[in-house]
J.: 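Have a look at this one before I ask anything.
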Amino acid sequence: MACLGVDRSTVTNSLDPTRKEIVQVGLMDDVTFGYFALASLVIIGGVINIAGLIFNSINIIVFIKLGFTDTINISLLSLAIADIGIHITMIGYVVIYSPEMTQDKTNIELIYAVSYLILGWPHVMFSRISGCLTAFISLERFLCIAVPLKVKTLITKKRTAIISCSIYGFMICSVIPAFVANKIGPKFDTESNVTVIGLITIDNSDAIENISLAITNFVELAVFALVVIFTVGLIQKFVDISKWRKHAASASKIRTLSTRDNVLVKMVLFISGVFIICSFPGVVGTIALLFAKDYNVKGKEVYVFLASFSVFLNIASLNSTVSIFIYLRMSSRFKQVFRAFFVSSVPVCAPVYKD
């Protein structure tokens with residue numbers, strides 16, 4: 001969580017619960033915020049993101065073993081890589097906001113610089129990549145049911161790989177302005193009268209940085225809307241096709257197709273549904289950030305803002321953590337490869353969703 005534009009010493013010192021003085025900032029005082037941030041960012045965030053890092057590492061191994069004969073394996077592998085990036089940056093927050101780091105006042109400028117530039121913007125980038133890939137997966141499955149005869153020509157392995165790489169490339173480019181506007185290096189601290197390692201901004205840094213902010217905020221809101229639209233469309237199309245098949249196909253054919261379609265739809269619906277649920281608080285927070293003048297890192301409700309977003313980040317991390325359980329529950333092939341790799345050395349290569 002980057003402390004953008006805030007009095008860095010105030011916010012960072014607040015993470016030290018041993019402070020004697022209490023400073024009220026808006027609805028929350030700094031001691032309350034310190035305990036809240038310690039519990040949310042360090043303790044709860046540590047458990048969620050260490051588990052997520054392990055689970056998504058397993059996902060990557062399994063998808064590689066499954067091979068790329070089916071396009072969805074490429075998309076899900078790309079998603080797992082993005083989720084790894086999310087968990088690594090969040091674990092970085094666990095480290096730098098631990099009591100051992102925050103109680104040493106000489107670390108204040110360095111903590112701020114690292115949390116903002118090294119962890120903050122990369123976390124935003126990986127989160128947006130994850131959202132874009134989830135939207136693409138939802139679209140891909142929608143097309144599989146909506147236009148089953150054309151989908152293999154529309155969504156090929158090459159195009160899926162290109163789209164996945166393009167998503168990564170675009171989001172990497174979107175955060176470049178933030179890194180152009182800021183850098184980490186030695187600076188003179190007038191309060192302590194010593195040279196410290198901290199964040200250095202260039203002239204017109206806010207204007208340059210706002211390019212990254214505008215792009216990432218737009219992508220977050222647009223991707224959330226698209227996932228909702230594709231998910232609703234997938235449900236509706238599947239219901240329509242199921243009704244049609246009841247009148248047009250034989251009973252045995254219905255059972256075969258229904259079983260396969262149910263596996264396809266349920267897995268993607270679970271992925272999309274978890275994404276929608278876990279992303280919703282952050283989307284609401286972003287909308288509030290855009291319209292509530294005091295709810296931001298420069299407003300008087302800075303502690304409420306930072307505390308709420310520490311919760312939102314943990315909820316969003318859950319989305320990246322629980323995916324392995326969806327795959328194990330919905331895909332017998334994923335489960336088979338998982339067991340083969342971690343229990344025995346029997347290789348299995350098959351599309352992830354075919355049961």
Side-chain angles (χ1 to χ4, degrees), residues 1-2 4 56 74-90 116-142 159-182 206-234 268 271-292 295-297 305 308-309 312-320 323:
M1 176 179 50
L4 313 178
N56 278 286
I74 301 173
S75 302
L76 292 176
L77 174 63
S78 301
L79 180 62
I81 295 172
D83 289 342
I84 285 281
I86 292 173
H87 294 305
I88 289 175
T89 54
M90 287 300 295
Y116 176 66
L117 195 61
I118 305 301
L119 299 177
W121 280 110
H123 180 273
V124 170
M125 178 189 72
F126 284 118
S127 296
R128 302 302 179 266
I129 291 172
S130 179
C132 290
L133 288 169
T134 302
F136 176 68
I137 291 169
S138 301
L139 172 62
E140 183 183 15
R141 290 303 99 188
F142 172 78
R159 288 179 181 175
T160 300
I162 291 174
I163 291 172
S164 298
C165 291
S166 297
I167 290 172
Y168 272 87
F170 174 75
M171 292 314 306
I172 290 172
C173 291
S174 73
V175 300
I176 288 178
F179 286 89
V180 171
N182 305 276
D206 287 346
I208 297 173
E209 200 169 42
N210 282 340
I211 298 173
S212 294
L213 191 62
I215 294 174
T216 54
N217 282 344
F218 173 79
V219 169
E220 178 184 20
L221 299 177
V223 162
F224 182 81
L226 288 174
V227 173
V228 172
I229 292 170
F230 293 149
T231 301
V232 172
L234 182 61
V268 175
I271 294 172
S272 301
V274 172
F275 173 83
I276 291 170
I277 293 171
C278 294
S279 299
F280 181 74
V283 170
V284 173
T286 299
I287 295 173
L289 170 64
L290 296 176
F291 294 100
Y295 183 72
N296 56 65
V297 291
F305 170 80
S308 60
F309 265 90
F312 298 161
L313 291 177
N314 283 336
I315 296 174
S317 293
L318 281 174
N319 172 55
S320 304
S323 58

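Start at 1 with the first residue, then count along the sequence. Source: prediction; values computed, not measured.
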J.: Supply the atom-to-atom distance Ser138 OG to Leu226 CG, rounded to the nearest 0.5 angstrom.
T.: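 Separation between the atoms: 9.5 Å.
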J.: List the steps and the verdict of side chain to side chain contact (heavy atoms under 4.5 Å, CB included) for Val223 and Arg128.
T.: CA-CA 8 Å; Val223 162; Arg128 302 302 179 266; over 6 Å; no
J.: Starting at OG1 of Thr160, measure out to CD of Glu140 and round the result to the nearest 0.5 Å.
T.: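 It is 5.0 Å, given to the nearest 0.5 Å.
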J.: Check whether any side-chain heavy atom of Ile88 sits under 4.5 Å from a side-chain heavy atom of His123, and report yes or no.
T.: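 Answer no - side chains too far apart.
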J.: List for me each residue that meets side chain to side chain donor-acceptor pair (under 3.5 Å) alongside Thr89, sequence neighbours excluded, and say none if there are none.
T.: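 Checked Thr89 against side chain to side chain donor-acceptor pair (under 3.5 Å); zero matches.
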J.: Between Asn56 and Ser323, which heavy-atom pair has the shortest distance, and what is it?
T.: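 Smallest interatomic distance, heavy atoms only, reads OD1-OG, 3.9 Å.
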J.: Check the pair Phe280 / Ile315 against side chain to side chain contact (heavy atoms under 4.5 Å, CB included), numbers first and verdict last.
T.: CA-CA 9 Å; Phe280 181 74; Ile315 296 174; over 6 Å; no
J.: Test side chain to side chain contact (heavy atoms under 4.5 Å, CB included) on Val219 and Phe170 and set out the steps.
T.: CA-CA 11 Å; Val219 169; Phe170 174 75; 4.2 Å; yes
J.: Roughly how far apart are Ile271 CD1 and Ser75 OG, rounded to 0.5 Å?
T.: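 Interatomic distance, Ile271 CD1 to Ser75 OG, rounded to 0.5 Å: 10.0 Å.
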J.: Out of curiosity, Ile129 CD1 to Ser174 OG, how far, rounded to the nearest 0.5 Å?
T.: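 Reported to 0.5 Å precision, the distance equals 8.0 Å.
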J.: Using 0.5 Å steps for rounding, measure from the OG atom of Ser212 to the CG atom of Asn217.
T.: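 Answer for the OG-CG pair, Ser212 versus Asn217, is 10.5 Å.
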J.: Atom CZ of residue position Phe179 - does it have more than 12 heavy atoms of other residues, nucleotides or ligands inside 6.0 Å?
T.: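 Result for CZ/Phe179: enclosed.
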J.: Looking only at atom types and distance, does a side-chain atom of Ser308 sit under 3.5 Å from a main-chain N or O of Phe305, one as donor and one as acceptor?
T.: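 The answer is yes, because a donor-acceptor pair under 3.5 Å joins these two groups.
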J.: Do the ring planes of Phe312 and Phe309 sit parallel (below 30°), tilted (30 to 60°) or perpendicular (above 60°)?
T.: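 Judged by the thresholds at 30° and 60°, the geometry between Phe312 and Phe309 is perpendicular.
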J.: Using 0.5 Å steps for rounding, measure from the OG atom of Ser272 to the CZ atom of Phe230.
T.: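 One finds 10.0 Å between OG of Ser272 and CZ of Phe230.
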J.: In chain order, what residues pass the side chain to side chain donor-acceptor pair (under 3.5 Å) check against Asp83, with sequence neighbours excluded?
T.: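 Once residues adjacent in sequence are excluded, the partners of Asp83 under the side chain to side chain donor-acceptor pair (under 3.5 Å) criterion are Ser130, Ser320.
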J.: Shortest non-hydrogen contact from Tyr168 to Leu133?
T.: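 For Tyr168 and Leu133, the tightest heavy-atom pair comes out as CE1-CD1, 4.1 Å.
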J.: Looking at every heavy atom in both Ile211 and Pro177, which two are closest together, and how far apart are they?
T.: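 Answer, listing the atom of Ile211 first, then Pro177: CG2-CG, 4.0 Å.
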J.: Assess whether side chain to side chain contact (heavy atoms under 4.5 Å, CB included) is satisfied between Met90 and Asn314, documenting all intermediate values.
T.: CA-CA 9 Å; Met90 287 300 295; Asn314 283 336; 3.9 Å; yes
J.: I'd like to check Ile287 versus Leu221 (side-chain heavy atoms, cut-off strictly below 4.5 Å). Are they in contact?
T.: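 Contact flag for Ile287/Leu221 side chains = yes.
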J.: Taking all heavy atoms of Leu213 and all of Trp121, pick out the closest pair and write down the distance.
T.: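 Closest approach of Leu213 to Trp121, heavy atoms only: N-CH2, 3.8 Å.
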